Structure formats: structure tokens, C-alpha cells
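Read through the structure below, which is laid out as C-alpha cells, and then see the notes.
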Amino acid sequence: MRIEIISGSPRPNSVTHRVALHIQRALKQRTGHEIGIINLRKWNLPPLRSVFVSVEHAPEEFKPLAERMFAADAFILVSPEYNGSYSPAMKNLLDHFPKQHHKPFGIITASPGPLGGIRASQQMQLLINALFGVASPYLLVVSGVDKRFDADGILLDKSFENNVHNFVTEYMWLAENLVPPVPLKGELRVSNHKIIPAVYK
């Protein structure tokens, strides 16, 4: 399974990005899946004019980004809170691509303040519904993010370990139940309660 963590802040010294780094490390340690980070600081997407309906239809400079978005089986959205909502840059990224039918999504918000971006997390649930994705009901809301994580994504506040563990556990349960495993050669797979031979392209 390919999971893309979308680090939604375009700011150079984003404290939200620290959480994305930590979650990537946690997922790599606990699973055998391919875990990437799409850092919006590195992708200067223009305002939406047309949807990238395929990799071939994406502008040349955004083809590597399109390849990753289309190849992703699941997403985790990591966003700061701006005026009670999520990152406009993250919304702009998602708007450039087709609906994400039935794909699992995790929601993480972070803020130096005491609420941790909780209002943004509520808006992100509506966004995922609009994308036809499936949101994990267990959110990770990080207050005082600049005190909990260092610049390399190392967790400084050990009392927060259980929050991270629960988020990762619940998200992976959803993702691994929604995304069918890729069958190995000679294996059988189940479809609509019928066992059929694996098909290879």
C-alpha cells in the first residue's frame, strides 16, 4: 500500500511539518507499507484552472506530483489552522485532482495554541466527504505543537505517545481493511465472497 502524508503548510519553518515527519517515521516502524510525504512547501501550484485528470494531462513540472497522487492508495492530511479552517494550499492541491473514491484518509491538525486546530479538523471531515474518501474517525489534534515536537519530528512530550499510537492504530485498521492487498504470484484473492485466481498485468 502507498500512503501519502500531505504536509499542508507552505511555510518554510512550518511547525505542522514536524508532525508529518513523526507520523511518517511511526508508520515506517510499524508497517511494511510505502510511506511518503508531499510537502506543499516544495510544490508551488497555481490557483486552480483545470483538473489534472491523469499524469499525462498534468503540466510537465507537476508530473512527478501527479504520479504520486494517482499512485496513492491512502492519504493522511496534516494541516495548521488558519482562521478556523484548514490550509488553502492543501485544498488547492486536492482540487487539482479527481475525486478520491473510497480511499482512506487520516486527519491531523496542529497549532502552537491550546486548541490544536480542532476547528480545522471539523472542516477537513467535510472536505474528505466531498472527495468521496473515507475518514478515520480517530483524529490527531496537536496543541502546543512547537513544544511537543522538535524540528526533526522527534516527540519531546512523552505523555503524547499514546495519542500518536491510537491514531496510527485506528488509521491503519481502516486503511488495511479498505485497500485490498496486492496478491503475490500464485495466490488467490477474494471478490464478493468468491475465490478467484489472481490476475497479473
Side-chain angles (χ1 to χ4, degrees), residues 1-45 65 68 72 74-94 104-129 131 133-176:
M1 184 192 315
R2 294 184 180 182
I3 300 173
E4 290 288 0
I5 301 169
I6 298 178
S7 185
S9 174
R11 293 179 176 177
N13 298 314
S14 166
V15 291
T16 307
H17 185 64
R18 301 179 184 187
V19 188
L21 291 172
H22 185 79
I23 293 299
Q24 181 188 42
R25 188 178 298 116
L27 287 170
K28 285 185 173 181
Q29 289 172 350
R30 300 181 198 184
T31 77
H33 302 301
E34 183 178 340
I35 317 295
I37 293 180
I38 294 175
N39 186 350
L40 289 186
R41 182 170 61 86
K42 299 179 178 179
W43 298 100
N44 189 24
L45 278 167
L65 174 62
R68 292 179 62 178
F75 295 95
I76 295 175
L77 306 182
V78 184
S79 178
E81 182 175 291
Y82 296 144
N83 297 322
S85 190
Y86 47 77
S87 159
M90 183 180 70
K91 177 68 160 54
N92 187 47
L93 166 71
L94 294 167
F105 280 78
I107 295 173
I108 299 175
T109 58
S111 168
L115 298 182
I118 187 67
R119 293 175 297 179
S121 72
Q122 295 168 342
Q123 299 295 322
M124 289 162 71
Q125 289 174 307
L126 297 176
L127 171 63
I128 292 166
N129 290 343
L131 294 172
V134 181
S136 172
Y138 197 98
L139 316 180
L140 186 63
V141 177
V142 187
S143 60
V145 62
D146 54 326
K147 305 293 191 301
R148 293 191 192 275
F149 297 89
D150 71 11
D152 296 319
I154 303 299
L155 181 61
L156 303 175
D157 179 3
K158 298 305 180 183
S159 69
F160 202 67
E161 283 181 346
N162 195 53
N163 299 65
V164 174
H165 171 79
N166 289 343
F167 171 82
V168 169
T169 300
E170 294 295 329
Y171 174 76
M172 288 312 306
W173 181 90
L174 175 69
E176 290 176 342

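Owing to the predicted nature of the structure, the values given are computational and were not obtained by experimental measurement.
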Value for CG (Asp150) from NE2 (His22), rounded to nearest 0.5 Å, stands at 10.5 Å

Sequence-distant partners of Pro112, side-chain contact (heavy atoms from CB on, under 4.5 Å), two or more places apart: Val15, Val145, Asp146

Intermediate values then yes/no, side-chain contact (heavy atoms from CB on, under 4.5 Å), Leu156 and Lys147: CA-CA 7 Å; Leu156 303 175; Lys147 305 293 191 301; over 6 Å; no

Pairs where residues 151-170 contributes a residue and the test ring pair (Phe, Tyr, Trp, His ring centres under 6.0 Å) is met, not counting sequence neighbours: none

For a 4.5 angstrom cut-off between non-hydrogen side-chain atoms, does His33 reach Leu27? no

Evaluation steps, side-chain contact (heavy atoms from CB on, under 4.5 Å), between Leu77 and Ile128: CA-CA 10 Å; Leu77 306 182; Ile128 292 166; 4.2 Å; yes

Is it true that a side-chain atom of Arg148 and a backbone atom of Asp157 form a donor plus acceptor pair closer than 3.5 Å? no

Just so I know, are the side chains of Arg119 and Glu81 near enough to count as touching, which here means a heavy-atom distance under 4.5 Å? yes

Side chain to side chain, Ile6 and Phe75, heavy atoms closer than 4.5 Å: yes

Are the side chain of Ser79 and the backbone N or O of Ser87 linked by a donor-acceptor pair below 3.5 Å? yes

Counting only heavy atoms not in Lys42 (residues, nucleotides, ligands), do more than 12 fall under 6.0 Å from its NZ? no

Between the main-chain N or O of Gly116 and the side-chain N or O of Ser111, is there a donor-acceptor pair closer than 3.5 Å? no

Using the test side-chain contact (heavy atoms from CB on, under 4.5 Å), find all partners of Arg68 that sit at least two apart in sequence or belong to another chain. Glu4, Ile38

One should read off an interatomic distance between Arg18 CZ and Asn13 CG, to the nearest 0.5 angstrom, of 8.5 Å

Can you confirm whether Leu65 sits close enough to Leu93 that some side-chain heavy atom of one is under 4.5 Å from a side-chain heavy atom of the other? yes

Donor-acceptor contact present, side-chain Asp152 to main-chain Ile154, <3.5 Å: no

Do other residues, nucleotides or ligands put more than 12 heavy atoms under 6.0 Å from Arg30 CZ? yes

Quick check against the 3.5 Å criterion: does Ser121 have a side-chain atom that pairs as donor or acceptor with the backbone of Ile118? yes

Report the residues that fulfil side-chain contact (heavy atoms from CB on, under 4.5 Å) with Lys28, sequence neighbours left out, ordered by chain and then residue number. Gln24, Ile35

Passes side-chain contact (heavy atoms from CB on, under 4.5 Å), Ile5 versus Val78? Steps please. CA-CA 7 Å; Ile5 301 169; Val78 184; 3.7 Å; yes

Here the pair of heavy atoms bringing Pro10 nearest to Tyr82 is CD-OH, 4.1 Å

Between CD1 of Ile23 and CD1 of Ile3, what distance do you get to the nearest 0.5 Å? 11.0 Å

Residues that Ser136 engages under side-chain contact (heavy atoms from CB on, under 4.5 Å), provided they are two or more places apart: Tyr138, Glu170, Tyr171, Leu174

With a 3.5 Å distance limit and no angle check, can you tell me whether Ser9 reaches the backbone of Pro80 through a side-chain donor-acceptor pair? no

Tell me, do Leu131 and Leu94 make a side-chain contact under 4.5 Å, heavy atoms counted? yes

Minimum heavy-atom separation for Ile108 and Met124, please, with both atom names. O-CE, 3.9 Å

Nearest heavy-atom neighbours spanning Arg41 and Pro12: CD-CA, 3.2 Å

Do you know the tightest heavy-atom contact between Ala26 and Val168? CB-CG2, 4.4 Å

Less than 4.5 Å apart, any side-chain heavy atom of Gln125 and any of Ile107? yes

Quick one: does Ser7's side chain have a donor or acceptor within less than 3.5 Å of a partner on Asn39's backbone? no

Over all atoms of both residues, closest heavy-atom pair of Gln123 and Gly84: CG-O, 3.9 Å

Which heavy-atom pair separates Leu140 from Val164 by the least distance, and what is that distance? CD1-N, 4.2 Å

Listed partners of Tyr86 passing ring-ring contact (aromatic ring centres under 6.0 Å, His included), at least two apart: none

